[in-house]
Structures are given as structure tokens and as C-alpha cells.
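Notes follow the structure.
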Amino acid sequence: MHTSLRPLLDTVLDALEEGTRLRSGPLPAGGPTEVAERLRSAMGDVFPDEGDPDALRHLVRAVAEGAADPADPLCTAHLHCPPLPVAAAADLAVSVLNPSMDSWDQAPAASELESLVTRQLAREVYAETPRGAGNCATSPHRPDALITTGGTESNQIALLLARETLGPGVRLVCGENAHHSLPRSAWLLGLPEPVIVPTPTGTLDPAALDKALHGPSVIVATAGTTDAGLIDPLPEIAALCAHRGARLHIDAAYGGGLLFSTRYRAKLTGLSVADTVTLDLHKLGWQPVAAGLLAVRDDNDLAALNHRADYLNADDDTEAGLPDLLGRSLRTTRRPDVLKIAVTLKTLGREGLAALVDQVCSTAQEFAALVERHPGFELHAPPTISTVLFRPVGATDDAVAAVRRQLLTDGRAVLGRARAANRLWLKATLLNPTTRPAHLTALLHLVEGTTPR
């Protein structure tokens with residue numbers, strides 16, 4: 001396998017370089033129709049009678065040419081990070097070894113690695129949890145974490161654990177600013193209609209939240225909204241949950257990466273008393289997708305996920321000491337995404353990962369200052385994490401949307417969009433540690449040159 005793989009890796013790397021050169025920007029030019037036509041031309045017959053030995057080179061080059069490149073400093077629309085090379089290399093090893101994390105005999109070493117890494121990351125989340133805090137005050141607890149495909153799966157499992165702990169009548173209470181996966185997960189799990197609290201300022205108001213609570217509830221706070229990167233007042237919401245006996249889940253898929261930074265960690269004060277916490281390391285962790293986690297304050301809660309399939313975790317095998325992996329996920333077959341995470345943590349260490357977090361947060365502050373100084377642009381607010389909302393002065397919402405689409409069609413810049421303060425804003429989510437002031441200036445010049453006058 002290793003011998004035959006080596007020349008294929010050279011082919012892939014060459015094709016990636018060729019495709020990137022052909023694209024010559026953060027996004028392929030031409031819009032959906034032209035991109036689709038180029039891809040169809042490169043693909044040809046999807047399932048030919050005779051195989052094409054050059055298919056690997058041609059298709060990798062075509063996908064690279066037609067990619068949105070998160071490593072380009074002008075690709076800033078989404079929580080879409082450039083993965084670390086060392087993490088991507090580790091991900092390749094996973095594909096080659098192809099372990100499956102549903103039974104120990106398919107992933108002996110990977111199962112132990114996952115146990116080590118998830119326990120450590122859970123300790124990072126719950127480092128300051130006082131013994132006896134939260135709803136499980138009378139029982140000993142130990143933090144743990146599950147590896148997931150991302151925020152959506154983590155949020156779904158968090159609501160499932162809440163339902164199994166508090167009963168099927170538990171109601172989701174969250175802000176308008178919460179991630180769309182939460183009400184969708186409530187629907188999927190058969191929970192009552194969620195209570196959605198208005199968030200006119202962009203964050204959840206504890207007083208408004210208090211008024212919305214009736215009966216058994218799981219409150220979801222957000223640490224890093226998808227639109228502006230805002231963080232709900234976590235300490236106040238945690239205190240309200242303790243007072244009202246509500247379960248607390250914090251969706252920190254975006255903001256959770258601040259845990260790695262001594263400079264910004266205090267923004268997450270209150271995180272450690274949540275019953276469950278969503279983290280995504282394919283955002284502020286620079287991992288290839290997917291690398292999500294759900295941290296739980298009390299590992300007893302995970303008993304709700306226990307499941308038995310005789311061919312995977314027979315009772316006598318478990319009693320004989322073979323680890324039971326089925327209760328570590330709602331999925332059966334799953335990749336050991338833990339390897340790339342473990343390699344990253346070990347390679348960069350706390351200081352290295354903190355430096356990346358600090359860099360992108362500082363870059364966002366630099367960009368916000370640049371916008372404020374420019375007479376042709378308006379800044380929505382100083383960044384909380386690494387997201388900046390801005391818009392051309394005097395532009396209508398339709399014009400703002402049109403500017404974004406024109407830049408996408410031209411392939412020159414990838415900006416997001418967000419609605420705040422009843423207006424549409426351009427969104428720059430700065431997750432690339434290599435972005436420099438010159439790139440930020442170029443981004444503003446592109447927007448300025450595309451805005452109709």
C-alpha cells in the first residue's frame with residue numbers, strides 16, 4: 001500500500017498546484033454555470049466502460065481549480081479555515097489505515113488515542129468547574145467528550161442528552177441568534193415547539209430569557225454566533241440556569257477555540273458550568289473537516305447513548321475487557337478524526353495553538369480599524385472574535401448583496417453576508433493566520449471598486 005501510494009501523492013500534489021494556478025484567486029470565476037461546465041468537461045463520462053489512468057490528476061486538478069480556497073487571504077465568507085498541513089497529513093494516514101471506530105478490533109490504537117484526547121479536551125473545557133456545580137451536584141462526575149462531525153451533530157446529541165435526563169417534555173429555549181441546527185434538532189427529536197427569544201442586540205438577554213422559562217427547559221447559549229461572532233453573557237445565563245433548575249448547553253462551535261488563548265480565554269467565563277458544550281476544531285482549530293466535539297460535564301450523562309450489537313460489543317467481550325465504542329457516537333462506522341487533532345495538539349502545543357488564535361483575533365481588530373478609518377465604509381461593531389461586519393456608506397441592502405455576488409462571480413473575493421440592526425452587511429470571517437494588512441487593504445479596495453455609485 002505505502003509503496004503504491006507514494007507516486008499517487010506526487011500526482012495529487014502536482015494536480016493541486018496546477019488547479020490552484022488555473023483558478024488564480026480565492027474562487028473560480030464565472031459563477032455557478034461556468035464552474036459547472038468546466039467540471040463537467042473535466043469529468044466526461046462518469047462511469048466509462050474502460051478506466052482512465054489519468055483520472056486522479058484530471059479530477060483533483062478540476063476540483064482544485066473550482067474550489068473556494070480557505071488558504072487565500074481573500075476567502076473570508078464563512079467559518080472555513082485553512083487546515084494545517086500537519087493535520088491534513090495525519091488525515092491522509094487515517095484514510096490509508098481506514099480504521100472504524102465502532103469496535104475495538106477495528107481500531108485498537110485509535111480507540112485508546114480517542115479516549116486520551118477527548119478526556120484532555122474535556123478537562124480544557126471544565127478546568128474551572130467547582131465540584132458539585134450544576135444539576136448533578138449530588139453525584140461524582142468526570143468530564144468527557146465525544147468526537148462528532150461538527151456543531152450540528154454536537155447540538156443534536158446535546159439535546160438528546162437533555163431529553164433523556166429531563167424527560168421528553170423538556171423544551172428548548174434559545175435566542176434568535178442561535179444556530180439553525182438547534183430548532184431543527186428539537187424537531188428531529190420530537191421535542192415540544194422551541195421557545196425562540198428575540199435578540200435585537202445580537203446576544204441573549206438574561207431577563208428576556210427568564211421570562212421565557214416555563215417547565216423543564218434546556219437553555220442554549222451561544223459563544224460565537226455565525227453572523228457576527230458574538231458571545232452571549234455566559235455567567236449571567238449560567239446563574240439563571242442554576243436558579244431556575246434548567247439544563248445549560250453552550251454552543252461554542254466557533255468561540256470555543258478561545259480556550260486555547262490566555263489572552264482571550266476570559267471571554268468564555270461561564271463555559272465550565274454548562275452541562276454540555278459544542279466545540280468545532282475545524283474552525284478555530286485549523287483542522288480538515290470534520291473535527292467536532294461535544295464536551296459533557298458529567299460523563300454519567302453519556303449512559304443514555306449505550307447501545308448493544310452483539311457483533312460489535314457483546315456482553316462477554318465487554319466483561320473480558322474489550323472497550324465498548326458504540327456508546328461514543330450515534331454513528332456506527334466512523335473515521336478516527338482524533339488522529340489529526342492529536343497530532344495538532346502535540347505538534348503545536350499550547351503556545352503554538354494560542355499564537356494562531358491570537359493572530360486571527362488581532363487581524364480582525366486590524367481590519368475593523370481599517371474600515372473605521374475609511375470614509376467610504378461603515379463598521380457594524382468592534383469584533384468579539386474574528387468576524388467583522390461592514391458595508392459601503394450609503395449603499396442599499398440590494399447593493400450590498402449585489403457587490404458580494406459580483407465579487408463571487410469574478411472570483412476575486414469571497415465575502416459572507418449577515419443581517420444586523422435591520423440592515424444587510426458584508427461579513428469577513430478572518431480565520432487565516434497568514435492574512436496580512438496588505439490583504440485587508442486589497443479586500444476593501446475590491447469592495448470599493450465593485451460598489452455602484
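Note that the coordinates shown come from a computational prediction; the quantities given were computed from them, not determined experimentally. Atoms considered below: every heavy atom in the structure, side chains included; atoms not considered: hydrogens, waters and symmetry mates.
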T409 side chain vs G30 backbone, donor-acceptor pair below 3.5 Å: no

Side-chain (D205) to main-chain (A208) donor-acceptor, under 3.5 angstrom: yes

Exam field: side chain W286 to backbone L431, donor-acceptor pair closer than 3.5 Å: yes

Side chain to side chain, V388 and T429, heavy atoms closer than 4.5 Å: no

R412 vs T450, side-chain contact (heavy atoms from CB on, under 4.5 Å): CA-CA, chis, key distance, verdict: CA-CA 11 Å; R412 293 186 294 168; T450 309; 3.2 Å; yes

Side-chain touch L84/L348, heavy atoms, less than 4.5 angstrom: yes

Closest approach of H80 to A68 (non-hydrogen atoms, all atoms of both residues): CE1-O, 3.7 Å

Main-chain N/O of V414 paired with T76 side-chain donor or acceptor, under 3.5 Å: yes

Closest approach of R417 to K427 (non-hydrogen atoms, all atoms of both residues): N-CB, 4.0 Å

Side chain to side chain, E378 and W425, heavy atoms closer than 4.5 Å: yes

Minimum side-chain heavy-atom gap T203-T225 below 4.5 Å: no

Under 3.5 Å side-chain donor-acceptor pair for Y254 and T222: no

Atom pair OG1/CG of T384 and L230 - distance to nearest 0.5 Å: 4.5 Å

Salt bridge E124-R350, side-chain N to carboxylate O under 4.0 Å: yes

Chi angles and distances behind the side-chain contact (heavy atoms from CB on, under 4.5 Å) call for L146, L305: CA-CA 11 Å; L146 305 177; L305 300 180; 3.5 Å; yes

E37 backbone acceptor or donor facing S41 side chain under 3.5 Å: no

Heavy-atom closest pair, residues D227 and L389: O-CD2, 3.4 Å

Ion pair D397/R423, N-O distance below 4.0 Å: no

Close side-chain approach of V296 to D275, heavy-atom, < 4.5 Å: no

Heavy-atom closest contact (T269 atom, L234 atom, distance): O-CB, 3.3 Å

Residue from H179, H249, R184 passing side chain to side chain donor-acceptor pair (under 3.5 Å) with N155: H249

Point-to-point distance, once rounded to the nearest 0.5 Å, from CD1 of I341 to CG of L293: 5.0 Å

Within 6.0 Å of CG in D10, more than 12 heavy atoms from elsewhere: yes

Polar side-chain atom of S217 near backbone of I219 as donor-acceptor pair, under 3.5 Å: no

Test item: K340 side-chain N/O and A290 main-chain N/O as donor-acceptor pair under 3.5 Å: yes

Minimum side-chain heavy-atom gap E366-C361 below 4.5 Å: no

Residue pair T435 / T363, side-chain donor-acceptor N/O under 3.5 Å: no

Spacing of CD belonging to E153 relative to OG belonging to S185, to within rounding of 0.5 Å: 10.0 Å

side-chain contact (heavy atoms from CB on, under 4.5 Å) between L9 and L5, worked out: CA-CA 6 Å; L9 293 181; L5 184 63; 4.1 Å; yes

Side-chain H-bond candidate by donor/acceptor type, E114 with T118, under 3.5 Å: no

Check: L426 main-chain N/O paired with R391 side-chain donor or acceptor under 3.5 Å: no

Any side-chain heavy-atom pair of P336 and P99 under 4.5 Å: yes

Pair E18 + R61, salt bridge at N-O below 4.0 Å: yes

Expected output: side-chain R171 to main-chain E193 donor-acceptor under 3.5 Å: yes

Flag for D72-N432: side-chain donor and acceptor within less than 3.5 Å: no

R334/T149 under side chain to side chain donor-acceptor pair (under 3.5 Å): CA gap, chis, key distance, verdict: CA-CA 9 Å; R334 61 186 179 94; T149 53; over 6 Å; no

Nearest heavy atoms of D91 and P288, plus distance in Å: OD2-CB, 3.9 Å

K283 with D280: basic N within carboxylate O range, under 4.0 Å: yes

Verdict with supporting geometry, T344 and Q287, side-chain contact (heavy atoms from CB on, under 4.5 Å): CA-CA 8 Å; T344 298; Q287 298 299 292; 2.8 Å; yes

Closest contact, heavy atoms only, L204 versus C174: CD1-C, 4.5 Å

Presence of salt bridge, E65 and R21, under 4.0 angstrom: no

Student check: side-chain heavy atoms of L444 and F367 closer than 4.5 Å: yes

Approximate separation, where rounding is to 0.5 Å, of H380 NE2 and T387 OG1: 11.0 Å

Basic-acidic side-chain contact under 4.0 Å: R247, D301: yes

Side-chain donor or acceptor of Y126 paired with backbone N/O of R297 under 3.5 Å: yes

Rounded distance [0.5 Å steps], SG in C75 versus CG in L415: 9.5 Å

Pairwise distance CG(L268) to OG(S261) - rounded to 0.5 angstrom: 9.5 Å

